[in-house]
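Computed from heavy atoms alone, side chains included, the values below leave out hydrogens, waters and symmetry copies. We count residues from 1, following the sequence as given.
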Amino acid sequence: ILAGAGRPPPDPLSVLLAEAAIVPPEQARIALLARRAGMGETAFRANVRTRLGRGPREHIERLRLERAAYALRTTDLPISDIAAAAGYADPFHFARAFRRVQGISPSGFRVGR
């Protein structure tokens, strides 16, 4: 029996956005993603919002911050390195975004792990 048999294939739009969350931000511009999805930007934004309940930029940011939260929980890497890996050149901007999504600062999140 094949692994995953009986499960529907992953949604191509979700796969595209997940891939966008692991590449540098300049490679995850909405125009590029829309083109890869074979849509115009407006249709792409609407499609993502309809399917996922939030816009593509917000969805990608949340995926990046979830990955950062995992790194904070499982590694001792400096927060500035985790911020950079998540696509944030400025650790202060990362901390603000992380607090907005997680409700706690990156350092507080790490202490509470």
Side-chain angles (χ1 to χ4, degrees):
I1 293 182
L2 297 174
R7 278 191 261 160
D11 172 35
L13 194 56
S14 294
V15 171
L16 177 65
L17 293 169
E19 290 171 355
I22 59 173
V23 298
E26 61 273 5
Q27 294 177 17
R29 292 191 342 257
I30 300 304
L32 294 174
L33 298 174
R35 202 170 311 126
R36 282 185 58 200
M39 301 179 204
E41 285 184 56
T42 302
F44 178 73
R45 288 176 199 274
N47 202 318
V48 170
R49 187 167 298 283
T50 298
R51 289 184 184 193
L52 303 175
R54 56 182 166 240
R57 180 64 38 220
E58 181 184 358
H59 187 72
I60 291 167
E61 179 184 48
R62 286 186 179 263
L63 292 174
R64 288 180 188 276
L65 292 171
E66 286 173 13
R67 199 172 81 235
Y70 179 79
L72 288 166
R73 261 194 318 273
T74 61
T75 73
D76 290 324
L77 289 170
I79 291 174
S80 59
D81 290 356
I82 292 171
Y88 292 86
D90 179 7
F92 177 74
H93 183 71
F94 167 73
R96 262 191 10 212
F98 192 90
R99 181 183 295 274
R100 183 174 28 81
V101 171
Q102 295 290 340
I104 190 169
S105 69
S107 57
F109 184 89
R110 176 171 265 171
V111 169
R113 61 176 156 165

Between [X] and [Y], which heavy-atom pair has the shortest distance, and what is it?
X: Arg64; Y: Val23; answer: NH2-O, 2.7 Å
X: Ala18; Y: Leu63; answer: CA-CD1, 3.8 Å
X: Ala86; Y: Arg67; answer: CA-NH2, 3.9 Å
X: Gly87; Y: Pro25; answer: O-CG, 3.5 Å

[atom1] of [X] to [atom2] of [Y]: how many Å apart, nearest 0.5 Å?
X: Gln102; Y: Leu65; atom1: CD; atom2: CG; value: 7.0 Å
X: Arg29; Y: Arg35; atom1: CZ; atom2: CZ; value: 7.5 Å
X: Phe44; Y: Leu32; atom1: CZ; atom2: CG; value: 10.0 Å

### Task
List in chain and number order the residues that pass salt bridge (Lys or Arg N to Asp or Glu O under 4.0 Å) with Arg62, two or more places apart in sequence or in another chain; answer none if no residue qualifies.
Glu58
[Y] and [X], any side-chain heavy atoms less than 4.5 Å apart:
X: Glu19; Y: Val15; value: yes
X: Arg100; Y: Glu61; value: yes
X: Pro91; Y: Ile79; value: no
X: Leu33; Y: Ile60; value: yes
X: Ile82; Y: Arg110; value: yes

Common cluster, [X]/[Y], ILVMFWY with side-chain heavy-atom separation under 4.5 Å:
X: Leu16; Y: Leu52; answer: yes
X: Tyr88; Y: Tyr70; answer: no
X: Ile22; Y: Leu17; answer: no

#### Entry: CZ (Arg54) with more than 12 external heavy atoms under 6.0 Å
yes
### Message
Is the ring pair Phe98/Phe109 parallel, tilted or perpendicular, if the boundaries are 30 and 60 degrees?
### Response
perpendicular
